[in-house]
Amino acid sequence: MNLLNTVRDRFATALSGMVTDVAPLLEMIRPAQDAKFGDFQANFAMPLAKQLGKPPREIAQMAIDRLQISDLCEPAEIAGPGFINLRLRDEFIARRISQTAGDDRLGVLPVSAPRNVVVDFSGPNVAKPMHVGHLRSTVIGDAICKTLRFAGHHVTGDNHIGDWGTQFGMIIYGYRHLRDDAAFADNSVGELARLYKLVNTLSDYQNTVTKLPGLEETAATLRTQLTEQEVATGTDEKAKKQLGAVRKQLAAAHDAVKTAGETISSVESNPVLLKLSQSHPGIARLARDETVKLHAGDAENNRLWNEFLPECLEALNRIYQRLGIEFDLELGESYYNPMLADVVASLKIKSLARESAGATCVFIEGNAAPFIVQKTDGAFTYATTDLATIQYRCDTLKAAEILYVVDKRQSEHFQQLFATATLWGMTNARFQHVAFGTVMGKDGKPYKTRSGDTVGLESLIDEALSRARRIVDENDDRREMPMLSSDERATVAEIVGIGGIKYADLHHSRDSDYIFDWDKMLATTGDTATYMQYAYARICGIFRKLDIERNTLTSGGSTILLMTPEERRLALQLLMFETSIDGLLQDYRPHVLTSWLFETADAFSKFYDRCSVQDAESKELRHSRLILCDLMARALRTGLALLGIQVAEVM
RNA sequence: GCGCCCGUAGCUCAGCUGGAUAGAGCAACCGCCUUCUAAGCGGUAGGUCAGUGGUUCGAAUCCACUCGGGCGCACCA
């Protein structure tokens, strides 16, 4: 059972006669922030002082008097203004950890009320190669799925693949008019990706050419305005502020012109691209027409779609396989196509959607922009698809909770989506946008290659593996007697490389942007996946060296002796596993678990350094330490597995 | 113009919805391998929590404003 909750429960009983609402007070009981304050601290006495009209230390004493916790803790102490400090009794830790040692689930009880949770994550686009943005969604979503499942919930991990949008029109158009037959025969998916990129580049170019005069005009207008205002402005603060705002706008406008210029020159400096653009005027429109035909059921376009899709999916699956990711469901956007017309009709009947400027929109209070469910040209949008998807997940999958592991820049979309869905009648499920920040390069800008392209996942994984291999090689070669064969080195490199990528991502709090840095994620020191994996391998080394059969360790009972501070700390850390899992699930923050893993591995490394197993002072102590090691190994393996990270016996 | 987010050690980040002298990792400096894997362990140094004002027993955390940065804002998903 969650150790923190165990302590809280005792306080709940003690406080129930003192105040009416104990819940917020229990929140103020936490693991001690400093070991010298004990193991847990309760901070509720101070805020209660005013409410009860008594000094906080007196209130703390009252609570302690009513508290029955002597089986768990040493006598509570009051410190400072009224903190209550608790120190667990060593016998209690020893007893708890002994019980945990014999438990497959490491003491974690399955939740009493399992929920049906649908986790929408990864969501790549079949036309475009996956990039680092998808990586975040994939890695975070997978960790959330695994942890929810371990906790006992019914989880459906759903990959909502983009297989039906505008990009497919681009592919079809490209295939018809621009394909390279030899390349297509050789590597169809690669050729389709090239065609998508090509059509996208050309339509981008053409749009930009059209837009440029407008952008230049805006910049010119702002420049004139600025000049006039600069002359007119004296020392008036308000006017100065306004001037600053105009300056900012002008800078933005200049940027826009500059970016547009770059887009244009990138095509115009390339004779081949320029010629293609000239021979395919209005390519964006033409591609969109292909999309419309596809959606309208055009036989030829649907044939092409059916031909291309399986291969695209296979290419995606290859990446998922390398990352060790699996889904329970992979219903792409196309799956919901037949339902879209009904969605819009239903929204209209309920007077939620109405016509505006030719499009069908839902207007959500507080949002200036409408939620467009059908465009002027009759096509549906991803808003429509998302609504149909919610309906499916609620009605067919009986979801009680739907999580969207999606870039935080889409938060407005989800706000509108959830509001619309609720108004529409989907009130049985709880929706949550599990948002994450942008992956940045070392320069603080979105992570790109030197030439400005997004970094493909496939090459990213290759890079991780080759870097990891170099590290594994160096490390093993440094030994007097290398421990690994070439095959084993390859396996370890894979485990370390993939683990490094995932851990680096997960250990940042998800909603902040994070800087992608090879050297940090695969560093041989510090808070990395490797640190935990190394701790695991060292434990395995102990069992190998001492020739211990691990699965018989606890058969004769498992008495744990806590003789040193290191053993005590390690045992207590291990008992906090469930608390960290609950912490992760409270707001779907995997970094809560990475912190626990690091602290636990840290506790182990210190234990390893100071508490010899083979040279333990007694047979009993040696056995106790062996059990602790085994438990530690299982905790690491299990905890890392919840994050999708593997371990190796030797590394 | 409207809306959202961010500013914490040289760098990368935590800080658990207001609690005790603000924490990690990296980098820097000094130590530790005849002992279970040194991918490790011990130690030192490093901070006006962007700024100002407010709320109160108590603020990195809540409120207001200022400065600086990012990101969204009809018919791409």
Side-chain angles (χ1 to χ4, degrees), chain A residues 27-28 30-34 36-37 41 43-44 46-47 49-50 55-56 79-83 85 123 125 162 164-167 241 245 249 284 288 333 356-361 366-377 379 381-383 385-386 407-413 415 435 437-438 442 444 471-472 474-476 478-479 483 496 504 507-509 511-515 517 519-520 523-528 530-531 533-535 537-546 583 586-587 589 591-592 595 598-599 602 605-606 608-615 625 629 650-651:
Chain A
E27 293 286 307
M28 297 180 208
R30 322 186 157 151
Q33 60 163 23
D34 190 315
K36 72 175 175 240
F37 300 135
Q41 61 182 60
N43 302 337
F44 56 72
M46 288 80 78
K50 192 172 276 178
F83 296 101
N85 291 335
N125 214 305
W164 197 244
T166 310
Q167 79 283 356
K241 205 176 137 187
Q249 282 176 41
R288 212 178 306 130
E333 292 174 334
S356 171
T360 308
C361 309
N367 287 76
F371 196 54
I372 299 175
V373 291
Q374 189 165 21
K375 299 191 287 188
T376 313
D377 64 6
T381 69
Y382 76 132
T385 312
D386 281 353
D407 195 311
K408 71 176 174 191
R409 283 173 295 196
Q410 295 197 39
S411 59
E412 272 116 324
H413 168 71
Q415 195 196 322
T438 311
K442 269 186 170 172
I471 293 166
V472 172
E474 271 172 28
N475 195 64
D476 203 34
R478 224 177 9 237
R479 293 181 172 126
M483 302 170 77
V496 167
H507 104 282
H508 288 84
S509 81
D511 40 13
S512 59
D513 294 343
Y514 112 86
I515 296 185
D517 183 343
D519 296 330
K520 286 208 164 92
T524 53
T525 57
D527 186 3
T528 59
T530 315
Y531 183 77
Q533 290 165 328
Y534 182 64
R538 287 168 111 192
I539 302 172
C540 294
I542 295 176
F543 289 114
R544 219 171 23 247
K545 181 84 181 271
L546 304 184
Q586 196 180 338
D587 198 24
R589 297 187 172 280
H591 86 278
V592 175
S595 300
F598 180 66
E599 281 160 22
D602 181 56
S605 296
K606 292 174 165 94
Y608 184 89
D609 200 52
R610 272 155 259 173
C611 305
S612 176
V613 177
Q614 68 177 4
D615 298 332
R625 286 180 178 170
C629 285
V650 183
M651 64 184 279

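Chain A is the first sequence line, chain B the second, and so forth, proteins listed ahead of strands; every chain is numbered from 1.
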*Please assess A:Phe83 against A:Phe37 for the test ring-ring contact (aromatic ring centres under 6.0 Å, His included), listing each intermediate value before the final yes or no.*
CA-CA 9 Å; A:Phe83 296 101; A:Phe37 300 135; 7.3 Å; no

*Mind checking A:Thr166 for me? I need base, sugar-phosphate or nothing, with any heavy atom below 4.0 Å counting as a touch.*
sugar-phosphate

*Could you let me know what B:rA9 is paired to, Watson-Crick or G-U wobble, both distances under 3.5 Å, or none if it's on its own?*
none

*Ignoring hydrogens and angles, state whether a donor on the side chain of A:Asn125 or A:Gln167 is under 3.5 Å from an acceptor on the partner side chain.*
yes

*With both distances under 3.5 angstrom, what nucleotide forms a Watson-Crick or G-U wobble pair with B:rU56?*
none

*Classify the side chain of A:Asn85 versus the base of B:rA20 as yes if they form a donor-acceptor pair under 3.5 Å and no if they do not.*
yes

*asked:* Does the structure show a Watson-Crick or G-U wobble partner for B:rG3, both distances under 3.5 Å? Name it, or say none.
replied: B:rC71

*Could you check whether A:Cys361 gets within reach of a base, just the sugar-phosphate, or nothing at all, counting any heavy atom under 4.0 Å?*
base

*asked:* Applying a 4.0 Å non-hydrogen cut-off, can you work out what A:Asp519 is touching in the nucleic acid: base, sugar-phosphate, or nothing?
replied: nothing

_side chain to side chain donor-acceptor pair (under 3.5 Å) between A:Asp386 and A:His413, worked out_ = CA-CA 10 Å; A:Asp386 281 353; A:His413 168 71; 2.7 Å; yes

*How do A:Arg479 and A:Tyr514 order along RNA chain B: which one's closest nucleotide is nearer the 5' end?*
A:Tyr514

*asked:* Taking A:Arg479 first and then A:Asp476, would you say they form a salt bridge - that is, a charged N and a carboxylate O separated by under 4.0 Å?
replied: yes

*Provide the distance between the two C1' atoms, one in B:rG7 and one in B:rU12, to the nearest whole Å.*
15 Å

*Which one is paired to B:rU61, where only Watson-Crick or G-U wobble pairs with both distances under 3.5 angstrom count?*
none

*Centres of the A:Phe598 and A:His507 rings: under 6.0 Å?*
no

*Contact class for A:Gln586 (heavy atom, under 4.0 Å): base, sugar-phosphate, or nothing?*
nothing

*Would you check if A:Lys520 and A:Ile515 make a side-chain contact, meaning some heavy-atom pair closer than 4.5 Å?*
no

*B:rA20 base stacked by A:Phe37? Criteria: ring centres under 5.5 Å, plane angle under 30°.*
yes

*Heavy atoms under 4.0 Å, any strand shown: does A:Ile515 hit a base, just sugar-phosphate, or nothing?*
sugar-phosphate

*Does B:rC76 have a Watson-Crick or wobble partner in any strand here, with both distances under 3.5 angstrom, and which is it?*
none

*For A:Phe598, answer base if it contacts any base atom (sugar-phosphate contacts may also be present), sugar-phosphate if it contacts only those atoms, and nothing otherwise; contact means non-hydrogen atoms under 4.0 Å.*
sugar-phosphate

*Rounding to the closest angstrom, what is the interatomic distance between B:rG18 and B:rC63 at atom C1'?*
13 Å

_Sugar-phosphate, base or nothing in reach of A:Gln533, heavy atoms under 4.0 Å_ = nothing

_Closest nucleotide among B:rU12, B:rC57, B:rA39 to the A:Met46 side chain_ = B:rC57

*Distance, C1' atom - from B:rA60 to B:rG43, rounded to whole angstrom*: 28 Å

*asked:* Classify A:Val592 by what it touches in the nucleic acid, base, sugar-phosphate, or nothing, heavy-atom distance under 4.0 Å.
replied: nothing

*Can you find a donor-acceptor N/O pair under 3.5 angstrom joining the side chain of A:Tyr382 to the base of B:rA77?*
yes

*Tell me what A:Ala357 touches on the nucleic acid: a base, only sugar-phosphate, or nothing, going by heavy atoms under 4.0 Å.*
base

*Do A:Asp519 and A:Lys442 come within less than 4.5 Å of each other through their side chains, counting heavy atoms only?*
yes

*Could you check whether A:Ser605 gets within reach of a base, just the sugar-phosphate, or nothing at all, counting any heavy atom under 4.0 Å?*
sugar-phosphate

Each nucleotide N or O in nucleotides 42-47 of chain B that has a protein N or O under 3.5 Å away: list the pair and distance.
residue : atom : partner  : partner atom : Å
B:rG42  : OP1  : A:Lys606 : NZ           : 3.4
B:rG42  : OP1  : A:Arg610 : NH2          : 3.3

*Under 4.0 angstrom, heavy atoms only, what part of the nucleic acid is A:Pro56 near: base, sugar-phosphate, or nothing?*
nothing

_Between the base of B:rA20 and the ring of A:Phe83 - centre-to-centre under 5.5 Å, planes within under 30° - is that a stack?_
yes

*Distance between the C1' atoms of B:rA22 and B:rC49, in whole angstroms?*
8 Å

*Take atom CE of A:Met28 and atom P of B:rU17, then tell me their distance rounded to the nearest Å.*
9 Å

_Touch class at under 4.0 angstrom, heavy-atom based, for A:Arg478 against every strand present_ = sugar-phosphate

*When you check the gap from the basic side-chain N to the acidic O, do A:Arg288 and A:Asp377 get nearer than 4.0 Å?*
no

*Which residue, A:Ala537 or A:Ala359, contacts RNA chain B at a nucleotide closer to its 5' end, judged by nearest heavy atom?*
A:Ala537

*Considering Watson-Crick and G-U wobble pairs with both distances under 3.5 Å, what does B:rA45 pair with?*
none

*asked:* Partner lookup for B:rU37, please. Criteria are Watson-Crick or G-U wobble with both distances under 3.5 angstrom; report none if nothing qualifies.
replied: none

*Taking N and O atoms by type only, does the side chain of A:Asn475 place a donor or acceptor under 3.5 Å from a partner on the base of B:rA39?*
yes

*If you look at every strand shown and take non-hydrogen atoms under 4.0 Å, does A:Met651 touch a base, only sugar-phosphate, or nothing?*
base

*Heavy atoms under 4.0 Å, any strand shown: does A:Ala379 hit a base, just sugar-phosphate, or nothing?*
nothing

